[in-house]
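First the structure, in the form of structure tokens, and then the observations on it.
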Amino acid sequence: MKEKEAVKCSKLFITFLKIGAFTFGGGYAMIPLIRAEVVEKNEWLSNEDIVDIIAVAESTPGPLAINSATFVGCQTAGAKGAAVSTIGVVLPSFLIILILAHFLRQFEELKVIQYAFWGIRIGVLTLIINALLSMAKECPRNIVSYAIVGLAFTLVAIFGVNVIIVLILCALIGIAASKLKFEKTGELGK
């Protein structure tokens with residue numbers, strides 16, 4: 001591995017180690033931190049790239065956090081970047097769960113522990129809402145986009161349709177709308 005590549009890989013590892021260590025609540029709670037580190041602080045990718053990565057990571061099997069780390073690492077430093085990013089984001093959770101598994105049973109009845117987990121849940125909800133709002137800013141604002149959001153919400157929340165079917169349906173509607181727009185105007189985009 002070249003020195004420049006090694007530096008980038010070590011930076012990716014440390015970045016995702018921090019994200020994995022200081023984020024509770026899974027992938028959605030990590031999105032604002034990933035965006036801050038990858039787009040704003042290190043300038044490895046653009047906001048648009050992150051939105052695309054989150055969309056692909058959400059659509060592929062596996063946890064969103066791991067998929068996102070893998071895709072960011074791959075975009076930034078290829079296969080080696082994907083490997084170190086994935087290990088970095090997984091390692092803190094693995095170690096914490098390993099340690100907690102031995103002690104949590106003894107302390108789960110303590111009120112302070114119950115309150116701590118209640119507070120963590122509220123914090124996670126806040127991070128998820130923040131991720132939703134930041135991703136919404138990057139999405140196109142037109143009638144088709146609003147229709148897709150409304151349809152997806154209705155199908156999942158009200159009718160309980162499988163999320164994978166809804167994702168595929170939304171993707172097909174988006175492709176069809178883009179194709180129609182391209183045929184009419186000759187340009188793609190928002």
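Just so it is clear, the structure is predicted and the values come from calculations on it, not from any experiment.
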As a quick check of understanding, evaluate side-chain contact (heavy atoms from CB on, under 4.5 Å) for Val89 and Met30, giving each step before the final call. CA-CA 10 Å; Val89 81; Met30 288 183 178; 4.0 Å; yes
Passes side-chain contact (heavy atoms from CB on, under 4.5 Å), Lys80 versus Lys8? Steps please. CA-CA 10 Å; Lys80 292 173 186 168; Lys8 188 174 258 188; over 6 Å; no
Linking I/L/V/M/F/W/Y whenever their side-chain heavy atoms sit closer than 4.5 Å, directly or via other members, would [X] and [Y] fall into one cluster?
X	Y	answer
Leu169	Tyr146	no
Val84	Leu95	yes
Ile96	Phe22	no
Leu17	Leu33	yes
Val124	Ile34	yes

Got a second to check how far [X]'s [atom1] is from [Y]'s [atom2], nearest 0.5 Å?
X	Y	atom1	atom2	value
Leu132	Leu127	CG	CG	12.5 Å
Lys184	Leu180	NZ	CG	6.5 Å
Leu12	Glu5	CG	CD	11.0 Å
Glu58	Ile53	CD	CD1	13.5 Å
Ile50	Glu40	CD1	CD	10.0 Å
Ile54	Ser59	CD1	OG	11.0 Å

How close do [X] and [Y] get, counting heavy atoms only, and between which atoms?
X	Y	value
Ala131	Ile31	CB-CB, 3.8 Å
Arg35	Ser134	NE-CB, 4.1 Å
Gly81	Cys9	N-SG, 3.9 Å
Leu91	Phe13	CD2-CZ, 4.2 Å

Is any side-chain heavy atom of Trp44 closer than 4.5 Å to one of Thr15? yes
Could you tell me if the side chain of Val56 sits less than 4.5 Å from the side chain of Asp52, heavy atoms only? no
Taking CG in Leu172 as the centre, count heavy atoms belonging to other residues, nucleotides or ligands within less than 6.0 Å. Is the count above 12?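 Counting neighbours around CG of Leu172, more than 12 heavy atoms of other residues, nucleotides or ligands fall under 6.0 Å, so yes.
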Take atom CG of Leu98 as the centre, draw a 6.0 Å sphere, and report whether it contains more than 12 heavy atoms from other residues, nucleotides or ligands.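 Check passes, neighbour count above 12.
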Look only at the side chain of Ser10 and the backbone of Val7, and say whether a donor-acceptor pair between them is shorter than 3.5 Å. yes
Set of side-chain hydrogen bond (donor to acceptor under 3.5 Å, both in side chains) partners for Asn42, sequence neighbours left out: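 Checked Asn42 against side-chain hydrogen bond (donor to acceptor under 3.5 Å, both in side chains); matches are Lys11.
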Could you give the side-chain donor-acceptor pairs of residues 65-76 under 3.5 Å, partners two or more places apart or in another chain?
{"from": "Asn67", "atom 1": "ND2", "to": "Ala57", "atom 2": "O", "distance (Å)": "3.0"}
{"from": "Asn67", "atom 1": "ND2", "to": "Thr60", "atom 2": "O", "distance (Å)": "3.4"}
{"from": "Asn67", "atom 1": "ND2", "to": "Thr60", "atom 2": "OG1", "distance (Å)": "3.1"}
{"from": "Asn67", "atom 1": "ND2", "to": "Pro61", "atom 2": "O", "distance (Å)": "3.2"}
{"from": "Asn67", "atom 1": "ND2", "to": "Gly62", "atom 2": "O", "distance (Å)": "3.4"}
{"from": "Ser68", "atom 1": "OG", "to": "Leu64", "atom 2": "O", "distance (Å)": "2.8"}
{"from": "Thr70", "atom 1": "OG1", "to": "Ile66", "atom 2": "O", "distance (Å)": "2.8"}
{"from": "Thr70", "atom 1": "OG1", "to": "Thr86", "atom 2": "OG1", "distance (Å)": "2.5"}
{"from": "Thr76", "atom 1": "OG1", "to": "Val72", "atom 2": "O", "distance (Å)": "2.7"}

For a quick test of your reading: what N or O donor-acceptor pairs under 3.5 Å do the side chains of residues 148-159 make, sequence neighbours left out?
{"from": "Thr154", "atom 1": "OG1", "to": "Gly150", "atom 2": "O", "distance (Å)": "2.7"}

